[in-house]
Amino acid sequence: MSFSAGVNGIIGPEGAGKTTLLRILLGLLDCDAGEIAYFQNGNVAKFKEIRDSIAYMPETQSLYGDLSIEEHMRFFKDMYEIKDMEYDEKSAELLSLTRLYKFKDRSANQLSGGMYKKLGLICALLRDPKVMLLDEPTNGVDPISRREFWDLLHNLVRKNRITVLMTTAYMDEAERCTHVHLMEKGKVLAEGEPKSLMSQFAVKNFDELFLKHAEETCDSYG
């Protein structure tokens, strides 16, 4: 499995191993087999050399309910030791991009599910990462917020050239990715560009692809 520039969708049902994969990439878990290789400017790099350029957004956010959006941003500014001038520019850009500027005084407890996810994304982006690891960021939000989140991701990739690794169990989101990596029970079923994979397996969508794989698996066991 390899990841390229753009939005890399790690697609699979619950229990496929998506979150485990992200934790292995972050060095939080060890591999049972194989190895992880990191590259920077085309050369192999040690994880400690690139760690500061990676941001992680877990599925369950640990934000503070009584802190406002702006207070959260200032908290992460201090934690990342971001200089005032850099912070002022970056925070204004992110609030505008996520359309949260007029809500910056609202506490996290008062945010909708979609706005809460955007706040988590903002906090991760403050350090200006080159790689974003997002664990099911659209899980549990309404369809409109999901669409807005995807628009936001594509804007970030286009403007900031960020490489995104995003896990999701929503099969329809696979078609919005630059590259997809289909997983089930800890194994990679297929990977590549969405349209190419659907053409390769002669399916109309990724629900059909997973169903086709399930049927082939059942047939192989007779």
Side-chain angles (χ1 to χ4, degrees), residues 1-11 18 21-22 25-26 38-42 45 50-59 61 69 72-73 76-77 80 82 85-104 112-139 141-168 170-182 191-199 205-206:
M1 180 183 287
S2 61
F3 303 106
S4 307
V7 180
N8 293 264
I10 302 170
I11 317 294
K18 304 185 298 296
L21 174 61
L22 292 190
L25 293 175
L26 287 164
Y38 305 93
F39 292 86
Q40 187 174 44
N41 299 322
I50 63 169
R51 179 164 41 198
D52 290 343
S53 64
I54 300 175
Y56 175 50
M57 180 176 161
E59 180 182 359
Q61 289 289 334
I69 289 175
H72 271 97
M73 295 177 73
F76 283 94
K77 165 192 176 292
Y80 296 146
I82 301 172
M85 186 177 297
E86 181 184 350
Y87 169 78
D88 291 341
E89 181 179 348
K90 192 70 177 179
S91 61
E93 176 190 355
L94 291 172
L95 287 171
S96 174
L97 192 61
T98 56
R99 294 187 289 183
L100 290 178
Y101 186 82
K102 63 181 179 180
F103 305 106
K104 65 180 183 178
S112 66
M115 293 169 70
Y116 191 89
K117 296 282 187 176
K118 287 180 180 179
L119 174 57
L121 185 63
I122 281 179
C123 294
L125 286 168
L126 272 176
R127 68 190 307 179
D128 199 22
K130 301 301 180 186
V131 179
M132 284 284 301
L133 273 59
L134 310 177
D135 195 5
E136 306 223 19
T138 58
N139 188 30
V141 301
D142 62 270
I144 294 177
S145 294
R146 281 176 61 196
R147 185 169 63 247
E148 289 180 345
F149 197 93
W150 270 100
D151 290 341
L152 176 59
L153 279 186
H154 285 297
N155 283 335
L156 287 169
V157 169
R158 185 176 65 255
K159 291 181 179 180
N160 300 348
R161 297 181 180 179
I162 296 175
T163 297
V164 175
L165 277 62
M166 172 181 168
T167 67
T168 180
Y170 294 123
M171 297 298 147
D172 61 301
E173 292 189 334
E175 297 178 46
R176 302 185 184 187
C177 300
T178 311
H179 300 85
V180 291
H181 312 267
L182 309 182
E191 54 186 338
E193 295 181 358
K195 289 183 179 180
S196 296
L197 281 180
M198 287 190 289
S199 175
N205 54 54
F206 284 88

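Count residues from 1 along the sequence. No experiment lies behind these values; they were computed from the predicted model shown.
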Considering only heavy atoms from C-beta outward, does the side chain of [X] approach that of [Y] to under 4.5 Å?
| X | Y | answer |
| --- | --- | --- |
| Val164 | Thr178 | no |
| Ile50 | Val131 | no |
| Ile54 | Pro129 | no |
| Met73 | Leu126 | yes |
| Pro137 | Met57 | yes |
| Val141 | Tyr116 | no |
| Leu156 | Met132 | no |
| Ile162 | Leu125 | yes |

For the atom pair [atom1] ([X]) and [atom2] ([Y]), what is the distance rounded to the nearest 0.5 Å?
| X | Y | atom1 | atom2 | answer |
| --- | --- | --- | --- | --- |
| Phe3 | Leu133 | CZ | CG | 8.0 Å |
| Leu119 | Lys104 | CG | NZ | 14.0 Å |
| Thr138 | Arg146 | OG1 | CZ | 5.5 Å |
| Lys77 | Ser91 | NZ | OG | 9.5 Å |
| His179 | Leu197 | NE2 | CG | 10.0 Å |
| Asp52 | Arg127 | CG | CZ | 5.5 Å |

Practice item. Output yes when a side-chain donor or acceptor of Tyr38 lies under 3.5 Å from a complementary backbone atom of Leu25, and no otherwise. Key: yes

Looking at Thr168 and Ile11, would you say the former's side chain and the latter's main chain have a donor-acceptor pair under 3.5 Å? no

The complete set of salt bridge (Lys or Arg N to Asp or Glu O under 4.0 Å) pairs with one or both residues in residues 89-103, sequence neighbours excluded, reads Lys90-Asp128, Arg99-Glu148

By side-chain hydrogen bond (donor to acceptor under 3.5 Å, both in side chains), Thr98 pairs with (sequence neighbours left out) none

Hits for side-chain hydrogen bond (donor to acceptor under 3.5 Å, both in side chains) against Arg176, two or more places apart or cross-chain, chain-then-number order -> none

Please work out which of the three classes, parallel, tilted or perpendicular, describes the rings of Phe76 and Tyr80, given edges at 30° and 60°.
tilted

Exercise for the section: Take Leu21 and Met1, measure what side-chain contact (heavy atoms from CB on, under 4.5 Å) needs, and give me the verdict at the end. Expected result: CA-CA 11 Å; Leu21 174 61; Met1 180 183 287; 3.5 Å; yes

Item to check | OH/Tyr170: more than 12 non-hydrogen atoms of other groups inside 6.0 Å | outcome: yes

| Going through the checks in order, is the side-chain contact (heavy atoms from CB on, under 4.5 Å) test met by Asn205 and Asp172? | CA-CA 7 Å; Asn205 54 54; Asp172 61 301; over 6 Å; no

Taking every heavy atom of Cys177 against every heavy atom of Pro194, the minimum-distance pair comes out as O-CG, 3.3 Å

